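Just so you know, ligand 1 is whichever comes first in the structure, and atom 1 is the first atom listed for that ligand. Quick note: residue numbers are just sequence positions, from 1. Since the model is a prediction, treat every value here as computed from it, not as a measurement.
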Amino acid sequence: MNFRRNFEIVNHTQMKKAIVLGAGGFIGSHLVRFLKNQNKWVKGVDLKYPEFSKTAADEFVIGDLRSPEVVKNVLDLPYDEVYQLAADMGGAGFIFTGDNDADVMHNSAMINLNVLHYGKEIGIKKVFYSSSACIYPEFNQLDPDNPNCKENSAYPAQPDSEYGWEKLFSERLFFAFKRNYGIEAKVARFHNIFGQEGTWEGGREKAPAAICRKVAQAKDGDKIEIWGDGKQTRSFLHVSECLEGISKLMESDDFHGPVNIGSDEMVTINQLAEYVIKISGKKLSLKHIDGPLGVRGRNSDNHLIQEMLNWRPTRPLIEGLRTTFNWINEQVHCS
Ligand code: NAD
């Protein structure tokens with residue numbers, strides 16, 4: 001374990017203190033920046049530094065949160081806010097092949113068990129946990145035009161991946177610590193978050209980033225490979241609105257979730273690809289190939305978040321896709 005401090009901020013006694021676990025990852029690194037903009041003192045922890053820009057954290061610890069010792073050391077204060085985003089995860093190519101099931105379940109569960117145990121010991125006040133739309137039962141997501149992802153449809157449970165089962169277990173773990181030890185646990189179920197500085201190659205990237213990369217690499221006349229028939233539906237939320245959602249949930253006095261944080265602008269994967277092609281201005285077509293797919297249809301149901309937090313994401317998909325494509329295009333042509 002090693003750590004690095006940003007020394008610019010010397011007197012932080014009056015500031016709220018936050019710790020972001022998974023601060024080297026996609027959403028975590030954006031979240032650190034967001035919390036700094038709210039004038040909080042922020043510690044980040046991860047196996048790695050953020051890949052695409054310098055961390056904004058006041059202190060950044062490189063450490064493995066599966067280790068009880070590391071978690072005990074990093075949870076050295078009764079932080080005002082703990083954000084638990086660290087997880088062994090990836091896109092469909094990582095989650096749905098079955099090859100990574102044991103690691104996905106073991107690694108993420110270990111992290112969550114350690115964080116809650118040592119968080120309770122040190123007296124943390126509020127903790128945010130990032131669950132996933134992958135917890136929803138497969139049988140409610142067979143019709144691509146009419147998936148049911150209402151929060152109260154999670155049980156009886158039948159997620160379509162071990163990643164989803166681990167998330168469901170950990171949601172319950174966070175709420176058990178709330179009931180028994182008074183930790184104010186808040187749980188959100190993210191639906192396909194995307195944006196700049198997200199993984200875009202290597203096998204863990206999600207559909208928007210993978211499609212942006214393929215389009216950025218293509219020349220006029222090429223075919224873009226799409227897994228399956230492309231008629232499966234999903235919604236995609238830009239990371240900026242995900243951060244707003246997290247913040248609204250953390251600020252709420254009496255609502256703890258679990259709640260969806262996702263867009264309800266549902267598109268097919270073919271439509272997603274057509275959007276990106278249009279943004280690129282290239283003349284490309286689609287080629288459908290076999291690949292890991294996940295459920296047939298999925299969309300965020302935003303009734304509960306609107307009702308409880310008086311907020312829901314509203315920005316059009318195409319806006320976020322434009323900035324994400326431009327960023328991935330730069331990465332492709334600079335590497
Ligand atoms: P990410 O993979 O970019 O970030 C996760 C981070 O956790 C990585 O930086 C990784 O190094 C770190 N990590 C993994 N194991 C660790 C360990 N043992 N010790 C310390 N750090 C460890 O993923 P992300 O997209 O930023 O997702 C953040 C959270 O949101 C995850 O919990 C994920 O399951 C959840 N989520 C994300 C999405 C999405 O669309 N991005 C959707 C649903 C849920």
### Query
Mind checking what makes ring pair (Phe, Tyr, Trp, His ring centres under 6.0 Å) contact with His191, not counting sequence neighbours?
none
### Query
Which pairs, with at least one residue in residues 74-88 and sequence neighbours excluded, count as a side chain to side chain donor-acceptor pair (under 3.5 Å)?
Lys40-Glu81, Lys43-Asp76, Lys43-Tyr79, Asp76-Tyr79, Glu81-Tyr83, Gln84-Asn112, Asp88-Asn107, Asp88-Arg204
### Message
So if I only count non-hydrogen atoms and take anything under 4.0 Å from ligand 1, which residues does that give, chain by chain?
### Response
Gly22, Gly24, Gly25, Phe26, Ile27, Asp46, Leu47, Lys48, Gly63, Asp64, Leu65, Arg66, Leu85, Ala86, Ala87, Met89, Ile111, Ser130, Ser131, Ser132, Tyr163, Lys167, Phe190, Asn192, Ile193, Lys206
### Path from Leu113 to Leu47 over hydrophobic side-chain contacts below 4.5 Å
no
### Query
Side-chain heavy atoms under 4.5 angstrom apart, residues restricted to Ile, Leu, Val, Met, Phe, Trp, Tyr: same cluster for Val42 and Phe60?
no
Tabulate below the donor-acceptor pairs under 3.5 Å that side-chain atoms of residues 313-327 make, not counting sequence neighbours, or state none.
residue : atom : partner : partner atom : Å
Arg315  : NH1  : Ser240  : OG           : 3.1
Arg315  : NH2  : Glu244  : OE2          : 2.5
Thr323  : OG1  : Gly320  : O            : 3.0
Thr324  : OG1  : Gly320  : O            : 2.7
Asn326  : ND2  : Arg322  : O            : 3.3

### Task
Answer yes when Glu121 and Lys72 have at least one side-chain N-carboxylate O distance shorter than 4.0 Å, and no when they do not.
no
